[in-house]
Protein chains: 2
Amino acid sequence: MSKFYQSVTADIVIFTIENDELKVLLIKRVKKPFKNQWALPGGFLLENEPPEKAALRVLRDKAGMGNMYMEQLYTFPGSGRDPRGNVITVTYFALAPINKMLAKPNKGQNPTLHLLKKLPELAFDHEKIIDYALKRLRSKLEYTNAIYSLLPKYFTFNHLQKTYELIFGRKLDKRNFRKKFMMLGLIKSTKKLHKGIRQRPAQLYQFTSRKPTELKKFF
Amino acid sequence: MSKFYQSVTADIVIFTIENDELKVLLIKRVKKPFKNQWALPGGFLLENEPPEKAALRVLRDKAGMGNMYMEQLYTFPGSGRDPRGNVITVTYFALAPINKMLAKPNKGQNPTLHLLKKLPELAFDHEKIIDYALKRLRSKLEYTNAIYSLLPKYFTFNHLQKTYELIFGRKLDKRNFRKKFMMLGLIKSTKKLHKGIRQRPAQLYQFTSRKPTELKKFF
DNA sequence: ACAAAAGTGTTCGATATACACCCATGT
DNA sequence: ACATGGGTGTATATCGAACACTTTTGT
């Protein structure tokens, strides 16, 4: 059998939470096709570059971000979806707390956070990819500790709960949430308090580990 | 940014159950690299061929099989894993009941079922891919009706239970299994009986639907 | 004093698990 | 008659869901 060559891109869905809203990072395309439309940050693989390396490069160069949680999502076929011809897209999804986002944004591409609920019209089939990523995000939170990657080092229980509520789109019971989460042993209390607000100060917590771990059960 | 081109393969992990054992289909490589070693069926993508089409083509041409349950697994990088250079591998996993396997096997490649527990030394990183596939298979059985794709049209409750036991590697309680499974409403009793054996004949069941469906819960 | 979020237990229903005997058939 | 898997119910433990009031701070 003869070999044929494909052009391959890596596209990344980067989620974060800002102002109690789940957001996605989009860039504005400066080239054809879909010039001036919003799209996921992405780019072609370089020679001999593994897809994951390419994704990390895009994260750095196009979105101006350093290390964060990232995993592969799915590989989409090119036929029919990209006017440039036969392009295969390996997609990734990444999570970061807002304070790690956009450290050194690439101004030319205008990377901007968009409300997940109110996305603009997107290039290629990027809307479908974002849907897929959200599904994966939810499922990951059910059986891993991935939530740590959306939170800063210190956080309150309320902050943690709000994060789940935003992603799953439903309210949770405060007492049950605490009970269940404490039993998992993922977080530990610090002696610090969240001061400087006009209510009773809350305990600050931190994760016992910030490495990806699978859990038996969850939500 | 300039475009570079990659060569891309599709490799498939095909599981089936034969003689109460979970097995994987392997072919014997006829070309370098890894000539004469066992490997997953796979091949390069043709020009403009989407990865999934290529996987289906491999299923047909290399393994001699028609339609069956198949889904994408993961896309592995090429660097360092394939002596042929920079190859990206999109992997799939497929399931079929033994009676659908090897209808028209490609004799040259010698496609053969191997005990999952006792695999020979494999080409490339195919052992890692099989491990990954087994993990996915187990997880799929926990929240989808995928099990239908490993069973023939008519089957006994015992056959169904054995199938789960084999894949998860542990015994299940007969009564609890029945109770739970019947509540799911995935199967319906037929009037037929499993005759021609020397014990009391068992009821034959069939799936109410043979389309992939997600369930709320499972095992 | 009051506004605002923090923190804390118990009850109830649903689900999962453990467990043993009789039945129908072929030989 | 007997060997073999087929078929059935109950009791207990565990887990998840519902639910309201007191506490601590800043203003």
Side-chain angles (χ1 to χ4, degrees), chain A residues 17 19-20 138-139 141-143 147 151-152 154-206 214-219, chain B residues 17 19-21 138-139 141-143 147 151-152 154-166 168-206 214-219:
Chain A
I17 289 175
N19 300 331
D20 284 355
R138 285 178 176 156
S139 115
L141 292 190
E142 284 177 351
Y143 70 95
I147 189 77
L151 290 164
Y154 299 109
F155 53 89
T156 65
F157 234 113
N158 191 258
H159 188 176
L160 182 63
Q161 184 178 336
K162 280 266 170 58
T163 305
Y164 276 98
E165 289 179 340
L166 279 168
I167 294 169
F168 287 100
R170 63 191 165 95
K171 292 283 172 203
L172 300 170
D173 180 89
K174 195 166 41 155
R175 282 166 290 188
N176 293 340
F177 182 83
R178 249 173 210 266
K179 216 186 309 171
K180 214 190 299 191
F181 214 96
M182 286 315 283
M183 275 204 263
L184 292 169
L186 292 180
I187 59 175
K188 59 184 177 197
S189 164
T190 67
K191 299 297 171 225
K192 303 175 197 217
L193 293 176
H194 183 55
K195 293 236 183 192
I197 45 172
R198 79 174 175 296
Q199 310 89 332
R200 171 177 177 178
Q203 286 264 350
L204 288 172
Y205 290 82
Q206 62 181 315
E214 294 209 359
L215 311 171
K216 292 218 179 122
K217 271 187 191 182
F218 220 113
F219 280 91
Chain B
I17 289 174
N19 300 331
D20 284 355
E21 295 281 3
R138 286 177 175 155
S139 113
L141 292 190
E142 284 177 353
Y143 69 97
I147 188 77
L151 290 164
Y154 299 108
F155 53 88
T156 65
F157 233 113
N158 190 259
H159 188 176
L160 182 64
Q161 183 178 338
K162 279 263 170 60
T163 305
Y164 276 98
E165 288 179 342
L166 278 168
F168 287 100
R170 63 190 165 95
K171 292 284 172 201
L172 300 170
D173 180 90
K174 196 165 40 154
R175 283 165 292 189
N176 294 340
F177 182 83
R178 253 174 206 265
K179 217 185 309 173
K180 213 190 299 194
F181 214 96
M182 286 315 284
M183 275 205 264
L184 294 169
L186 293 180
I187 59 173
K188 59 185 176 197
S189 164
T190 68
K191 299 297 169 225
K192 303 175 198 219
L193 293 175
H194 184 55
K195 294 238 182 189
I197 44 171
R198 78 174 175 296
Q199 312 88 331
R200 171 177 178 179
Q203 285 266 350
L204 288 171
Y205 290 82
Q206 61 181 313
E214 294 207 1
L215 310 171
K216 293 216 179 122
K217 272 188 190 181
F218 221 112
F219 280 91

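Only a predicted model underlies this, so the values are computations on that prediction, with no experimental measurement involved. Letters go in sequence order (proteins before strands), and every chain restarts at 1.
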Query raised in the report: Are Phe157(A) and Tyr205(A) an aromatic pair by the rule of ring centers under 6.0 Å?
Result: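 They qualify: ring centres under 6.0 Å apart.
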Query raised in the report: With side chains defined as the heavy atoms from C-beta onward, is the minimum distance between His159(A) and Thr163(A) less than 4.5 Å?
Result: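 His159(A) reaches Thr163(A) side chain to side chain.
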Does [X] make a side-chain donor-acceptor contact with the base of [N], cut-off 3.5 Å?
X: Lys174(B); N: dG7(D); value: yes
X: Lys179(B); N: dT8(D); value: no
X: Asn158(A); N: dA6(C); value: no
X: Arg198(B); N: dT25(C); value: no

Without decimals, in angstroms, what is the distance between [X] [atom1] and [N] [atom2]?
X: Leu172(A); N: dG16(D); atom1: CG; atom2: C1'; value: 12 Å
X: Phe157(A); N: dA6(C); atom1: CZ; atom2: P; value: 12 Å
X: Arg175(B); N: dC21(C); atom1: CZ; atom2: C1'; value: 8 Å
X: Leu193(A); N: dA5(C); atom1: CG; atom2: C1'; value: 14 Å
X: Leu204(A); N: dA6(C); atom1: CG; atom2: P; value: 11 Å
X: Phe177(B); N: dT15(C); atom1: CZ; atom2: C1'; value: 17 Å
X: Lys192(A); N: dT25(D); atom1: NZ; atom2: C1'; value: 20 Å
X: Arg178(A); N: dT10(C); atom1: CZ; atom2: P; value: 17 Å

Query raised in the report: So, is Gln199(A) near the phosphate of dA5(C), with a side-chain N or O under 4.0 Å from OP1 or OP2?
Result: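 Yes, because at least one side-chain N or O of Gln199(A) sits under 4.0 Å from OP1 or OP2 of dA5(C).
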**Report entry** Trace of the side chain to side chain contact (heavy atoms under 4.5 Å, CB included) decision for Leu141(B) with Phe168(B)
**Finding:** CA-CA 10 Å; Leu141(B) 292 190; Phe168(B) 287 100; 4.0 Å; yes
Query raised in the report: Relative to the 5' end of DNA chain D, which residue comes earlier, Ala202(B) or Lys195(A), by the nucleotide with the nearest heavy atom?
Result: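 It is Ala202(B) whose nearest nucleotide is closer to the 5' end.
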**Report entry** Pair Gln203(B), Ser189(B): side-chain N/O donor-acceptor within cut-off below 3.5 Å
**Finding:**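 The answer is yes; a qualifying pair exists.
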Query raised in the report: Under 3.5 Å, side chain of Gln206(B) to main-chain N/O of Ile187(B), donor-acceptor pair present?
Result: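 No; zero donor-acceptor contacts below 3.5 Å.
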Query - Whichever of Asn176(B) and Gly196(B) has its nearest DNA chain C nucleotide further upstream toward 5' - result: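 Looking at DNA chain C, the more 5' nearest nucleotide goes with Asn176(B).
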